[in-house]
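A short write-up of the structure that comes next.
What you see is a predicted model, and the numbers here were worked out from it, not measured in a lab. All residue numbers refer to positions in the sequence shown, counting from 1.
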Amino acid sequence: MNSIVQLDVFTLKDRLQRGEALNMIDVREDEEVAHGMIPGAKHIPMNQIPDRLHEIEQNGEIIFICRSGYRSERVCEYLQQIGVQGVVNMEGGMLAWSQLND
C-alpha cells in the first residue's frame, strides 16, 4: 500500500489564504465539529464514509481532517485500499490548526 500523503497546517492555511478551492472533508463527530470547522470543509463523520462515498468529489486531491490526524489518516488508508486516488491527511488535525490560529 502507498504511504499516505501528509499536509501540514501551515501549508493548508497558506493555500486557503491564496484562494485555492480545496476539497476538504472533516471526519470528526457532530459534537466535535460543533466547536468549529475549517471554512469550506465538508462534514462526513468517519463511520459514515463507506455509506457516503458518493458525496466525496474524487477528482484530484481530497484533504481529510480530524481532531489529531489519526482518524483522518485511517480514512485515507481505507479509501486508498478501495482505489480512491488523491487522498491527503491533514497532519496534526484540528489540534494543530487551532494552535496555528490562536
For Leu12 and Met24, work out which heavy atoms get closest and say how close. CD1-SD, 4.0 Å
Distance from Met46 atom CE to Phe64 atom CZ, nearest 0.5 Å? 11.0 Å
Flag side-chain contact, heavy atom, 4.5 Å: Cys66 against Glu73: no
Correct closest heavy-atom pair for Met94 and Met90 would be N-CE, 3.9 Å
Find out whether Val87 and Glu77 are in side-chain contact, i.e. whether some heavy atom of one side chain is under 4.5 Å from a heavy atom of the other. no
With salt bridge (charged side-chain N to carboxylate O under 4.0 Å, His left out) as the rule and sequence neighbours excluded, what pairs involving residues 35-50 come up? Lys42-Glu55
Ring of Tyr78, cation from Arg74 - is the NZ or CZ under 6.0 Å from the centre and inside 45° of the axis? no
Glu32 vs His43 side-chain heavy atoms within contact, under 4.5 Å: no
Could you check if a side-chain atom of Ile82 sits within less than 4.5 angstrom of a side-chain atom of Leu53, using non-hydrogen atoms only? yes
Please report the interatomic distance CD1(Ile62) to CG(Leu22), rounded to the nearest 0.5 Å. 12.5 Å
Decide yes or no for Gln58 and Asn23: does some side-chain heavy atom of the first lie under 4.5 Å from some side-chain heavy atom of the second? no
Please find the pair of heavy atoms, one from Ile65 and one from Ala41, that lie closest to each other, and give the distance. CD1-CB, 4.5 Å
Sidechain-backbone polar pair: Asn89 side chain, Gly69 backbone, donor-acceptor under 3.5 Å: yes
From Asp14 atom CG to Arg18 atom CZ, the distance as rounded to the nearest 0.5 Å: 4.5 Å
For the atom pair CZ (Arg67) and CG (Asp26), what is the distance rounded to the nearest 0.5 Å? 12.5 Å
Would you say Ile49 and Ile56 make side-chain contact, with heavy atoms under 4.5 Å? yes
Between Leu100 and Lys13 the two heavy atoms that sit nearest each other are CD2-CD, 3.7 Å
If I take atom CD1 from residue Ile4 and atom CD from residue Glu91, how far apart are they, to the nearest 0.5 angstrom? 12.5 Å
Glu61 versus Ile63, closest heavy-atom pair with distance: OE1-CD1, 3.7 Å
Examine Leu16 and Val5 and state if one hydrophobic cluster contains both, with Ile, Leu, Val, Met, Phe, Trp and Tyr joined whenever side-chain heavy atoms are less than 4.5 Å apart. yes
Shared hydrophobic cluster, Met37 / Val27 (ILVMFWY, side-chain heavy atoms < 4.5 Å): no
Can you tell me how far apart CD (Gln6) and OG (Ser72) are? Round to the nearest 0.5 Å. 8.0 Å
